[in-house]
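Please read the structure below before turning to the comments.
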Amino acid sequence: MKRFLSIVFVLVAAFLDACRNPVENVELKFKDPLAVAVQVKYNIPAGLTPDQLTIKIAGPDAEKVVTTLNTRKFKLTSDGKLFLCLAPSTTPSASAPVRFNVVALSDKLVDNIQPVQLENTKQRNLTIPLLSKQGNNLPAQQSFKGNDNGTVQTTATVQTKTQANVSQATISVPQGSEIRDIAGNPVGGSLTITADPINNSTTAKAAADMPGKGIINASTPAGAYVGNQQILAVAGGVYITVYNDAYQLAKTFSKPIQIAFALNTQMKNPRTGKAIQVGDAIPLFSFDEVTNRWTQEQPGKVQRSASGSLEYVASISHLSLWVAAFTEEVCEEGPTFKFSSKYTGEYSGRSPEYRFEVIDQTGNVVQRAGGDVSFWRSINDGTSVRVTNLKKDMKVRLRLYDKESKMYVSPEIDACSNTEVLFDVKAVPFTPLPKPAPDNRKEVTISLVFNCGNQSVDPDKLPFKVLYAQYRASGSQDDWKDLPTLRWPTLSTKVLVELNKAYDLRAGSAPDHLDLEYNNYKVTSTNWPIKLTAEESKPYCKP
């Protein structure tokens, strides 16, 4: 361990020595890494490892994004994480946000371009699944050209493939349209348009593909609040992106883009109960993943295509997820059902889970966005469950099924009521779960101990004031667990671990530079001192 820490100091110092200010060409004055602004966890398909991916930062404020050590050499950690920081003196705000795109590339993956907008210094955490090119449901793509000022040279059209469970989408970008990114900069050069449709074979499947799972919290383009809507039937949906070779994402177009969805002839207008027909207007919604907002847009209409089939056609001026769907308003608020049960006292927290359904006045299971409102919950005494986004003018109850499928029903309450109703479930057969196994972990203090004799440590000589570390059971393939950072002047932290068990430890100068590992360290007491010898401590002691 002593040898390990000695190496830590040497390499941390080397990291910091390499961290230079590109403008003044002098060593930075701070010793700690920059604060993490965005942490990305990539879900990488089997057969690929993080080191096979190329990471780039593009977009309007790309130059303001750096690594934890203030470099532009972006790479993933061994467990697929990416840590991004803002360059010193960069402070985002709502009036001056920092906008950039995180790009993950591999010849075996579909290009992934994730737009990010930071309006404050609070850390953002993203989990991004990556799509293998070997998959069956790849986005449709088409290449086209724009000049330096972002003007489209020829009309570009992309069409998704015909699938039984997806409304075929056709998107056309007109010649002469000027393309700009979110900051208003022209997007020119070699361009790619992609169209990734949602599964709308059923309302429930469409909801599963949509943010909010079929609940649309929308405003108008002018900012007027529309209210929560649940989807009833989806004519089509598609996520559209346009980007150039520099991975600059397009946002707006000076000429409208046309989108068209081929319609299922069996689709009905839920408002009339009749099959859709030419002239029907179907509401249109867009979702901006950067701002996490739905907007109700100008609706398109049903018309006949050149082949005589029905299609839905609309004009749009910006790129997002676009969904054409019939909806109805639902209540944002809803009732809370509080359980009164036998699972209390020494049995508190030991209730098994039971299946619940929300039912209406006639005993039918309530539908929300095409799916049953049902779930599993425990019934520990005093706990509760809240149900929201239900239809107006409806009374509801909660129905519980025990292990023998016997039913228990709560009192009735208004679906839009923001109140609590007591659900007495003491009659449910009492079957407490076994007591949990005792927690044999102990609070262990890990500390870095210098041997400076009668002198003390000189903080100005330390190569860092924060040491990042992770641990896991020795020899396992478990995920690494973060240790609280070791900070000067205590340079100690606490962790719950089992005594007389071996652990692996890795540490470094930044959360993405845990390059040094110490394996198979057996913890035998509640103190885990990392002791430096007098010789190892000497460079950091006061004279």
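- Relative orientation of the Tyr312 and Phe261 rings is parallel, given thresholds of 30° and 60° on the angle between their planes.
- In the model, Ser525 has no side-chain atom that pairs as donor or acceptor with a side-chain atom of Asn527 under 3.5 Å.
- Annotation for Gln134: atom CD does not count as buried by contact number, only 12 or fewer foreign heavy atoms lying within 6.0 Å.
- Residue-environment remark: CG (Asp478) exceeds the threshold of 12 foreign heavy atoms within 6.0 Å.
- Remark: aromatic rings of Phe356 and Phe337 are distant, center separation not under 6.0 Å.
- No more than 12 heavy atoms of other residues, nucleotides or ligands sit less than 6.0 Å from atom NZ of Lys301.
- Test Gln117, Lys251, Arg293 against Asp288 for side chain to side chain donor-acceptor pair (under 3.5 Å) and you get one pass: Lys251.
- Under 3.5 Å, the side chains of Glu357 and Ser374 contain no donor-acceptor pair of N or O atoms.
- Counted by atom type alone, Glu328 and Gln230 present one or more donor-acceptor pairs between their side chains at under 3.5 Å.
- Within 6.0 Å of NZ in Lys406 there are 12 or fewer heavy atoms belonging to other residues, nucleotides or ligands.
- Side-chain polar atoms of Asn228 and Asn389 form a donor-acceptor pair below 3.5 angstrom.
- In this structure, Leu48 CG and Leu53 CG are separated by 6.5 Å, a value rounded to the nearest 0.5 Å.
- Taking a 6.0 Å sphere around NZ of Lys392, one finds it holds 12 or fewer heavy atoms contributed by other residues, nucleotides or ligands.
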